[in-house]
Amino acid sequence: MPALFLNLLKVLFIVLLYAFLWQVARAIRASLGPVGAGGRRPPSEVVVIRGEKGRGERVKLRAGGHVIGRAAEADIPIDDPYASEFHARVALVDGRALVTDLGSTNGTYVNGRRLGQAPTPLEKGDTVQIGKTILEVR
Amino acid sequence: MSRPVEAVLVAAACVVAALGVATVRFASGSWLDAQVFATLAAFGVAFGGLHLAVLRWAPGADQLLLPLTGFLAAIGFAEVFRIDPELANIQRWSLLVAAAAGAVVLRLLRREGLGALRRYRYLFLAGAVLLLLLPLLPESWPIHGATVNGSRLWVRARIPGLSRALSFQPGELAKVFLVVFLASYLADRAPAMAVTDRRLGPLRLPEPRHLAPVVVAAGAAFLVLVYQRDLGASLVIFALFVTMLYAATGRAIYLGLGAGLTVVGGVVGYVAFAHVRRRVAGWLWPFADYFDTGYQVAQGLFALGSGSLTGAGLGLGRPDLIPAATTDYIYAAIGEELGLAGTVAVLTAFALWVAVGFGIALRSKDRFRKFFATGLTTLVGLQSAVIVAGVLRLFPVTGVTLPFLSYGGSSLLASMIAVVLLARVSHEERP
């Protein structure tokens, strides 16, 4: 066999290996779902990811907003001794998700930072901590 | 439900195998022949069959697991064929048997699912121990142990009417059984084991009785080291225990304890056993005793070095000069003939495989399935890391196979079962 032909074959084989891996990587990327443009869509729900009760519970965000708190009348009642009766409100306003602390005793934390008085915009993947309960925005 | 991504990529993996074999044939001056078509047929039947089995009995499974497995098996097979066509012939049959076993496992689990495995955990523990002890059977029995290269890992069975004795390495399957047991055991015990109440100076320790499994694991691994003289298996089993404990509890203390016991075991092994000393000498000073302890390591380094960036080309190097080139040292053989480009492709495929496995673990719905997927992924990832590190001289050579690539039916069978079990975990994550 001429050496040139064998060299070409070798390169072809290696190219095939990487073409395969490239396709696998693309398939993994596709299975992760839309990123980029899709990521800028406003969050649609909050999920309780850590707490005494209701872990995994998900609530769709709405314009009127949900009040989170220890009170039974809260829209999202949480069983947490460090939470206030009516602790915070999450709501969709003009296509943005906002969280507002309702003057709670122990404060509301977004990604570990304590909120002030003003409504704070939320993005997908942000965590909201109330007492020992943690909610994730998705 | 169809699985188009898997179908296309599995077909591509079969083409990789056939093209590899064809390249080897061209390099030796012959034209396309029966070997190429036999390879294409064997891979097509094995992985096509597994694809259909997954489609039927685990249709929700991840679509990339099987193609990556096929891809690794294809590269390994091409290299095994290049070194020894006779062995490749046997390996083709092993591949078919392993795929059939995988399909059978999927079918057995189709109704009950993995919950059945969880319930019978002590059966799996007993099975694993039995399999590990099997090579110690005396030579005069019809099914007996055998010593190969100083390690007593093999079991041979004489079957009437068959000229060759059937031999296998039960330890390979024992590792998968151990993962079943550990995942089930830890799923029940992990919450208690994660509590670290006792204090010893700055260290926070778990209750002593929760440490018992780690000590038992170290003991078992050490027994394997002593009685079977198998450094690799003992290391993989012990590291598997420690990693699963860490994954289950999230306490770094288990990792620290494991590392400490590994160092202690290593030192004791070095002092007590000549075969451990030889491995360490070959690792640290391969050229000091080139013709004896350093020979394999040195040959592996020469192979990797001469392979350079794109290698000599399949069939154009001399990988037959490396001892154990088809099994433990297949990574060096690939490095010689496909170069850095080939070995990086292999490592990338392993990395993606492990990423897919841990992704399945993260998405699983309960503790048992999480730990089970973690264990299976760790088993394959760890074993490949240990032997690749050995070949690259980052670590003493410990004589384990490179999963999916090395020649060897037992290893292929066990790895394939790990793949279908992972596929099943992945399928069950969907409600």
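Quick note: numbers below take in every heavy atom, side chains included, and nothing from hydrogens, waters or symmetry partners. Residue numbering restarts at 1 for every chain, and letters A, B, ... go by the order of the sequence lines.
Distance CZ/B:Phe26 to CG/A:Leu9: 6.5 Å, rounded to 0.5 Å. Atom CD1 in B:Ile75 sits 9.0 Å away from atom CZ in A:Phe20 (nearest 0.5 Å).
The side-chain heavy atoms of B:Phe71 and A:Val24, taken from C-beta on, include no pair separated by under 4.5 Å. In this structure, B:Val344 and A:Tyr18 have side chains that are in contact, with non-hydrogen atoms separated by less than 4.5 Å. A 4.5 Å side-chain heavy-atom check between B:Thr310 and A:Val11 finds every atom pair outside the cut-off.
Crowding of A:Glu85 atom CD: a count of heavy atoms from other residues, nucleotides or ligands under 6.0 Å exceeding 12. Counting non-hydrogen atoms of other residues, nucleotides and ligands closer than 6.0 Å to CZ of A:Arg26 gives a total of 12 or fewer. Within a 6.0 Å sphere centred on CZ of A:Phe86, other residues, nucleotides and ligands contribute more than 12 heavy atoms. Residue-environment remark: CZ (A:Arg113) stays at or below the threshold of 12 foreign heavy atoms within 6.0 Å.
Against chain A, the residues from residues 311-319 of chain B that qualify, each with a non-hydrogen atom under 4.5 angstrom away, are B:Gly311, B:Ala312, B:Gly313, B:Leu314, B:Leu316 in number order.
Contacts between B:Val5 and chain A at a heavy-atom distance below 4.5 Å involve the side chain alone, from C-beta outward. Looking at B:Leu64, only its side chain comes within 4.5 Å of chain A, counting heavy atoms on both sides. Both the backbone and the side chain of A:Leu17 have a heavy atom closer than 4.5 Å to some heavy atom of chain B.
The closest side-chain donor-acceptor pair between B:Thr23 and A:Lys10, if any, does not fall under 3.5 angstrom.
Between chain B and the residues A:Leu16, A:Leu12, A:Leu21, the most heavy-atom pairs under 4.5 angstrom are made by A:Leu21. Your options are B:Ala12, B:Gly339, B:Ala345, and the one with the most heavy-atom pairs under 4.5 Å with chain A is B:Ala345.
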